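A short worksheet on the structure shown next.
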Amino acid sequence: MNPTTTQPSLSRRGLALAATALLALGAVACSTDSDTVTDADTAGIIAATEPSSTDVVETVEVTTTESASDTTSTIDTTEVASTALTDDEVAGLLWMREEEQLAHDVYTTLGELWGIRILENIASSEQSHVDAALQVLEQYDIDDPAAGNELGTFTDPQIQALYDELVADGSTSLVDALKVGALIEELDISDLRLRASATDVAALTTLYANLEKGSRNHLRAFTSQLEGRDVVYEPTQLDPDAYAAIVSSPTERGHDN
């Protein structure tokens, strides 16, 4: 789909998120301990699967590596001062802000329901994605569409509908919750690639690259959890070859500058 078109309506299992370029920042990271998942801009996660014969709550250990230097956010203020956002870029930024919030809120809700650490940890990681989008909004004096919203509440009705659907799907079983996680990361990767293809703004492409790196790591983690339960995840948003290339490659670390 052309990334300059308006946002499509939602379907049961898919969303071709389409909007154009966001103005951006560089890598954003969060400090972690041995039980915390890294964010989209820094070290990836390695989730050790613990297969279970039943769909029960379990503990999942997550290993991370981060240095203090990985927790610094940067934005080219010269570029911000000299670059005017188009209407499509503003719309895309507002959409991305709530899309990242959706990921955080779905994982938080399902993490509380199932008590599985991978959902709780990746929810923490998604907070850094939310903060990254919010920081760019602030740089351009654009009102935050999620300001004052409670968890699970969104300004954009399409994102609200998607949140409600994903939480309902993920509430049926732990396996379904993990599938929802993989689907969200597929959607995010697909959306970020569309946005990156629609801009040549350096700060923007850096943001997209770093956010996508985190989403690839999250997709690997959810896939690994499903495989540990003898469940083969079938991608619905990414080309099968593109999906296979991601999940068969190692966890990515560090961030791009």
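All values below were derived from every heavy atom in this structure, side-chain atoms included, with hydrogens, water molecules and symmetry-related copies excluded. Please read all numbers here as calculations on a predicted model, not as lab measurements.
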- Query: Thr109: what forms a side chain to side chain contact (heavy atoms under 4.5 Å, CB included) with it, not counting sequence neighbours?
  - Reply: Leu151, Tyr163, Val167

- Query: Roughly how far, to the nearest 0.5 Å, is the OG atom of Ser224 from the CZ atom of Arg220?
  - Reply: 11.5 Å

- Query: Which atoms form the tightest heavy-atom contact between Asp105 and Phe154, and what is the distance?
  - Reply: OD2-CZ, 3.6 Å

- CD on Gln237 to CG on Leu187, rounded to 0.5 Å: 4.5 Å

- Task: Calculate, to the nearest 0.5 Å, the distance between atoms CD and CD1 belonging to Gln101 and Ile159 respectively.
- Result: 10.0 Å

- How many angstroms lie between atom NZ of Lys179 and atom OG1 of Thr236, to the nearest 0.5 angstrom? 11.0 Å

- Message: Going by side chain to side chain donor-acceptor pair (under 3.5 Å), name the residues that satisfy it together with Ser248, two or more places apart in sequence or in a different chain.
- Response: none

- Under 3.5 Å, is there a donor-acceptor pair between the Gln135 and Asp131 side chains? no

- If you group Ile, Leu, Val, Met, Phe, Trp and Tyr by side-chain heavy-atom gaps below 4.5 Å, do Ile189 and Val130 land in one group? no

- Note on the structure: Rounded to the nearest 0.5 angstrom, the CD1-NZ distance for Ile246 and Lys213 is 13.5 Å

- Any donor-acceptor pair under 3.5 Å linking the side chain of Glu98 with the backbone of Thr155? yes

- Query: Is a side-chain donor or acceptor of Trp95 paired with a backbone partner of Asp156 at a separation under 3.5 angstrom?
  - Reply: no

- Would you check if the side chain of Thr153 reaches a backbone N or O of Asn149 as a donor-acceptor pair within less than 3.5 Å? no

- Message: Atom CG of residue position Asp239 - does it have more than 12 heavy atoms of other residues, nucleotides or ligands inside 6.0 Å?
- Response: yes

- Message: Does any part of the side chain of Phe222, heavy atoms only, come nearer than 4.5 Å to the side chain of Ile184, both counted from C-beta?
- Response: no

- For Glu120 and Tyr107, indicate whether the former's side chain and the latter's backbone hold a donor-acceptor pair under 3.5 Å. no

- Query: Can you tell me how far the NE2 atom of His129 sits from the CE atom of Met96, to the nearest 0.5 Å?
  - Reply: 10.0 Å

- Item | ring-ring contact (aromatic ring centres under 6.0 Å, His included) partners of residues 167-192, not counting sequence neighbours, each pair once | none

